[in-house]
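Worksheet: one structure, shown below.
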Amino acid sequence: MTTDKTATAPDGYVQPELDVRALTEVLDGEYAEIRDLVRTNLVTYASVLEEADGLGTDAYRERVRELVVEMAATGQTGMGFPKRYGGGGDVGASIAAFETLAFGDLSVLVKVGVQFGLFGGAILHLGTERHHDAYLPDLITGKLMGCFAMTETGHGSNVQALGTVARYDVAAQEFVITTEGDQARKDYIGNAARHGELAVVFAQLEVGGKSEGVHAFVVPIRVGGQAAPGVRIEDDGRKMGLNGVDNGRLRFDGVRVPREALLNRFADVTPEGFYESTIDSPDRRFFTMLGTLVQGRVSVGGAGVNAAKVALAVATKYALRRRQFAAGSQEEEQLLLDYGLHQRRLLPLVARTYALHFAQDVVRTQLHDVFSGVEDDPQARRRLEARAAGTKALGTWHATRTVQECREACGGAGYLAVNRFAALKADSDIFTTFEGDNHVLLQLVAKGLLTDYASEFEDLDQLGMVRYVTNLAVETVIEKTSAHKLLERVRDLLPGGDEWDQEAGLLDSEYQLAMVRYREEHMLAGVARRLKAGIDRKRDAGAVFSEVQDHVIAVAHAHVERLVLEAFVEKTRTLPEGGNKVALGLLCDLFALSTIEADRAWFMEHGRLTVQRSKAITREVNDLCRKVRPLAGGLVDAWGIPSAMLRAPDLVG
C-alpha cells in the first residue's frame with residue numbers, strides 16, 4: 001500500500017512517496033508477529049472500550065480480569081517467562097506485546113502489567129527455582145492472581161525507608177510481617193482490592209535484632225476469597241482513571257510466613273537464623289534487587305508512546321476531514337491540517353513520537369540483551385537502568401502533553417467520552433508517576449552521568465554522589481562521561497563566530513547532534529562546578545544538592561533528548577533509499593529543530609544561537625511542517641493501530 005504520490009513543488013522540492021505497509025514493518029521490527037497477535041486480540045475484545053463507560057466499577061473490574069485471563073491463553077502476556085513454565089522465553093517480545101496492548105483499554109494494559117510484569121517479574125527475577133516451580137505455571141495463565149506490594153503511604157519513592165518489617169522467628173522458622181503504623185501501609189497496590197491471592201511484599205528484614213535492609217517476601221493475602229488471617233484489605237476507591245484496576249491498601253498484623261517465602265536470589269536466611277548474601281554492600285544489594293525490575297519502566301515508557309500514537313491518529317485523521325472557514329475566495333472551507341498553526345500543533349508531536357519509538361527500540365534491545373545474558377557487564381546494567389529511567393520519563397511526559405494537545409485540536413467533539421480522549425487522558429495521566437516519579441527518575445539518570453556508572457554506583461545515595469563528584473576535578477567528570485567521547489567532534493562542528501550564522505547546515509544531522517551534545521556537555525560541567533563550589537565553601541552536601549536540583553534535572557533531560565535524537569538519526573541512516581527514508585528524514589529534522597527551537601533561550605544564552613539563526617530555525621520548522629503535512633495520514637496509519645481502537649465516531653467516522 002502506498003499513499004501520497006510524488007509531487008514537485010514550485011521550489012523544486014519533490015514530495016516523497018510513502019509506502020505505509022513497509023513503514024509499518026520498519027516500526028514493528030523483529031516483533032511483528034507478536035504485535036499482530038496483540039492487535040488481533042485487541043479487535044476481538046474491542047467492546048471493552050464501550051463497556052468501560054457503561055459498567056459500574058465492580059462489573060468493569062471483573063470484565064478486565066476476564067479479558068486478561070483470556071488474553072493470557074493466547075500466549076501474548078507470557079512471552080517474558082521461561083518456556084519450561086509455559087512462557088515464550090523472549091524478554092524483548094514481552095515488552096513489544098505490552099507496548100502494543102497500549103493501543104487498547106489502558107485498564108487492561110495496567111492489569112496485565114501488575115499481574116505479569118510486576119508480580120510475575122518479582123517472582124521470576126527475585127525468586128529461585130522453588131518459587132518458580134510453585135507459582136509461575138498458574139501465574140502465567142492468570143489462574144493465580146497477585147500483587148506487587150512495594151509502595152507505602154508515607155514513603156513513596158523512598159523505597160529504602162519502607163516501614164513494613166519482616167522479623168525472623170528462629171524457633172518457628174518463620175518471618176513475621178508487620179505494618180508499623182499508618183505511614184507503613186501498602187497503598188495504591190494493583191490487584192489488592194479484589195483479585196489478588198498472593199502479594200510480593202517488600203519489607204525491612206530483621207534477623208537476630210539486626211536490620212538487613214529491604215527484601216521481598218511472598219505473602220498470602222486471601223484464602224478462599226476472604227482476607228487471610230492478619231491481613232487487612234481496603235479498597236482505594238474510584239480514581240481519576242484506570243477504574244478497571246482494583247487498587248487497594250494492605251496492612252499486616254503479625255502475619256507469619258515460612259522461611260521459604262523470602263525471595264532469595266540475592267540473599268537468604270538459614271534455618272538457624274544466619275543472614276547470607278553474595279553481595280556484601282547493603283546499598284549495592286538493594287539496587288541490584290530493584291535493578292532486576294527495570295523492565296517495568298521500559299514497559300511503561302513504551303506504553304506512553306503508544307498511547308500518544310492513539311491520540312495523534314485520532315486528531316490527525318480529524319484534521320484531514322474537518323473543515324473550518326473558507327480560505328480566500330474559495331467557497332469550500334479549508335481542512336484543519338492545511339492551517340499552519342494546526343500543523344505546528346500536531347506534526348512536531350508526530351515527529352517526536354517517531355523519535356521516541358526508535359529510542360524505545362534501543363532500550364528494549366538493551367533490556368533483552370542484559371536479561372538474556374547476551375550482555376553481562378555490570379556497567380551495561382547500570383546504563384540500562386539509567387536509560388530506562390530517562391526514556392520512561394520523556395515517553396510518559398510526551399503522552400500527557402500529546403493527549404491534551406490532541407483533545408484541544410479536536411474541539412468540543414474531543415471532549416465527548418465516546419471519542420476516546422476522556423479515557424486516554426484519565427487513564428494515561430498516572431504513567432508519569434508509577435514505576436517511578438519522573439523527576440526522581442531523572443535524578444537517577446544524572447547520577448549515572450556524574451559518576452559514569454562507576455563501580456560505586458549502587459553504593460551512592462544523593463549525598464554520596466555529591467561527595468563522589470566533588471572529589472574529582474570538573475574536567476575529570478566530563479572526561480568520565482559518555483558525552484566526552486564526542487567532545488572534539490562537537491568543538492570542531494561548533495566553531496562560533498560568523499560561521500555560526502550561516503543558514504546552510506540546519507538540516508545536517510551532524511549539526512543537529514552537535515547542538516544537543518554541546519548542551520548536555522555544558523550543563524554537565526555546570527552541575528559539577530556548582531557542586532564543587534558548594535562543598536569547597538564547607539556547606540552541607542544535602543543543601544548543596546537541593547540548590548542544584550533543577551540543574552540536575554535539566555542535564556538529565558538534555559542527556560535523554562540527545563539519546564533520542566541519536567536513535568532517530570541512526571535508524572534513518574540504516575533505511576534503504578526511497579520515499580520512506582526521505583519521509584523519516586523530514587520527521588527527524590522536524591524533531592531535532594523543534595527540540596532546539598523549544599530550548600532556544602538556553603542556546604542563545606550560551607552563545608550557540610544568534611537571533612538570525614534562531615529565526616532561521618523557526619522558518620525551517622514551519623517549512624518542514626508543510627512538507628510533512630501531505631504525508632501525515634500515512635505516517636499515523638503506519639503505526640498499525642486497529643481502527644476499532646480509535647473509537648472516535650464523531651472524529652474519524
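Positions are given from 1 along the sequence.
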Are the ring centres of [X] and [Y] closer than 6.0 Å?
X: Phe217; Y: Phe175; result: yes
X: Phe119; Y: Phe116; result: no
X: Phe434; Y: Tyr188; result: no
X: His215; Y: Phe266; result: no

Within the 4.5 Å heavy-atom criterion, are [X] and [Y] side-chain neighbours or not?
X: Val445; Y: Val560; result: yes
X: Val231; Y: Arg251; result: no
X: Pro649; Y: Val418; result: yes
X: Thr100; Y: Tyr31; result: no
X: Thr396; Y: Thr400; result: no
X: Lys111; Y: Met145; result: yes
X: Val314; Y: Asn419; result: no
X: Phe421; Y: Leu651; result: yes

Between the side chains of [X] and [Y], does any donor sit under 3.5 Å from an acceptor?
X: Asn41; Y: Thr74; result: yes
X: His131; Y: Glu260; result: no
X: Tyr60; Y: Glu51; result: no

Residues forming a salt bridge (Lys or Arg N to Asp or Glu O under 4.0 Å) with Arg61, sequence neighbours excluded: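 In terms of salt bridge (Lys or Arg N to Asp or Glu O under 4.0 Å), with neighbours along the sequence ignored, Arg61 is linked to Asp235.
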
Counterpart residues, salt bridge (Lys or Arg N to Asp or Glu O under 4.0 Å), relative to Arg401 (two or more places apart):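 For Arg401, no residue satisfies salt bridge (Lys or Arg N to Asp or Glu O under 4.0 Å) once neighbours in sequence are set aside.
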
Pair Leu101-Met71, side-chain contact (heavy atoms from CB on, under 4.5 Å): steps then yes or no: CA-CA 10 Å; Leu101 191 60; Met71 286 183 176; 3.9 Å; yes

So does [Y] get a backbone contact from the side chain of [X], meaning a donor-acceptor N/O pair under 3.5 Å?
X: Arg285; Y: Ile279; result: yes
X: Asp90; Y: Gly92; result: yes
X: Asn306; Y: Glu99; result: yes
X: Gln360; Y: Val298; result: yes
X: Gln115; Y: Leu144; result: yes
X: His132; Y: Leu124; result: yes
X: Lys392; Y: Gly304; result: no
X: His155; Y: Glu152; result: no
X: Thr316; Y: Ala313; result: no
X: Thr179; Y: Gly181; result: no

Any chance you could measure [X], atom [atom1], to [Y], atom [atom2], to the nearest 0.5 Å?
X: Tyr135; Y: Glu197; atom1: OH; atom2: CD; value: 11.5 Å
X: Leu367; Y: Glu385; atom1: CG; atom2: CD; value: 10.5 Å
X: Met240; Y: Ser428; atom1: CE; atom2: OG; value: 9.0 Å
X: Asn243; Y: Arg238; atom1: CG; atom2: CZ; value: 4.0 Å
X: Arg185; Y: Leu250; atom1: CZ; atom2: CG; value: 10.5 Å
X: Gln295; Y: Ser94; atom1: CD; atom2: OG; value: 5.5 Å

Report the C-alpha distance between Lys571 and Asp361 in whole Å, list the side-chain angles of each, state the deciding distance to 0.1 Å, and finish with yes or no for salt bridge (Lys or Arg N to Asp or Glu O under 4.0 Å). CA-CA 10 Å; Lys571 186 65 178 184; Asp361 283 348; 5.2 Å; no

Could [X] and [Y] be called an ion pair, given the rule that one side-chain N must be under 4.0 Å from one carboxylate O?
X: Glu174; Y: Arg256; answer: yes
X: Arg39; Y: Asp28; answer: yes
X: Arg84; Y: Asp133; answer: yes
X: Glu435; Y: Arg297; answer: no
X: Arg249; Y: Asp236; answer: yes
X: Arg167; Y: Glu180; answer: yes

Contact summary for [X] and [Y], nearest pair of heavy atoms:
X: Ile233; Y: Ile221; answer: CD1-O, 3.6 Å
X: Leu139; Y: Ile123; answer: CD1-CG1, 4.1 Å
X: Leu126; Y: Ala216; answer: CD1-CB, 4.0 Å
X: Ala267; Y: Leu262; answer: O-CD2, 3.7 Å
X: Asp105; Y: Leu49; answer: N-CD2, 3.7 Å
X: Ala315; Y: Cys410; answer: CA-SG, 3.7 Å

Between Asp246 and Arg65, is a salt bridge (Lys or Arg N to Asp or Glu O under 4.0 Å) present by the stated rule, with each step listed? CA-CA 10 Å; Asp246 53 321; Arg65 187 196 64 78; over 6 Å; no

Trace of the side-chain contact (heavy atoms from CB on, under 4.5 Å) decision for Leu109 with Leu106: CA-CA 5 Å; Leu109 174 90; Leu106 295 183; 3.9 Å; yes

For a salt bridge (charged side-chain N to carboxylate O under 4.0 Å, His left out) with Asp637, tell me which candidate from Lys309, Arg21, Lys317 qualifies.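 That would be Lys317.
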
Full working for side chain to side chain donor-acceptor pair (under 3.5 Å) between Glu70 and Tyr45: CA-CA 10 Å; Glu70 290 179 32; Tyr45 302 112; 2.9 Å; yes

Going through the checks in order, is the ring-ring contact (aromatic ring centres under 6.0 Å, His included) test met by Phe148 and Phe202? CA-CA 8 Å; Phe148 183 84; Phe202 288 79; 5.1 Å; yes

Verdict with reasoning, Lys239 to Asp429, per salt bridge (Lys or Arg N to Asp or Glu O under 4.0 Å): CA-CA 11 Å; Lys239 308 178 291 289; Asp429 192 78; over 6 Å; no

Pick one: which of Thr402, Leu635, Val403, Ile641 meets side chain to side chain contact (heavy atoms under 4.5 Å, CB included) with Leu312?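 Looking at Thr402, Leu635, Val403, Ile641, the match for Leu312 under the side chain to side chain contact (heavy atoms under 4.5 Å, CB included) is Thr402.
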
Quick check with a 6.0 Å cut-off and a 45 degree axis cone: is Arg35 positioned over the face of Phe103's six-membered ring?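 Checked: cation-pi criterion not met.
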
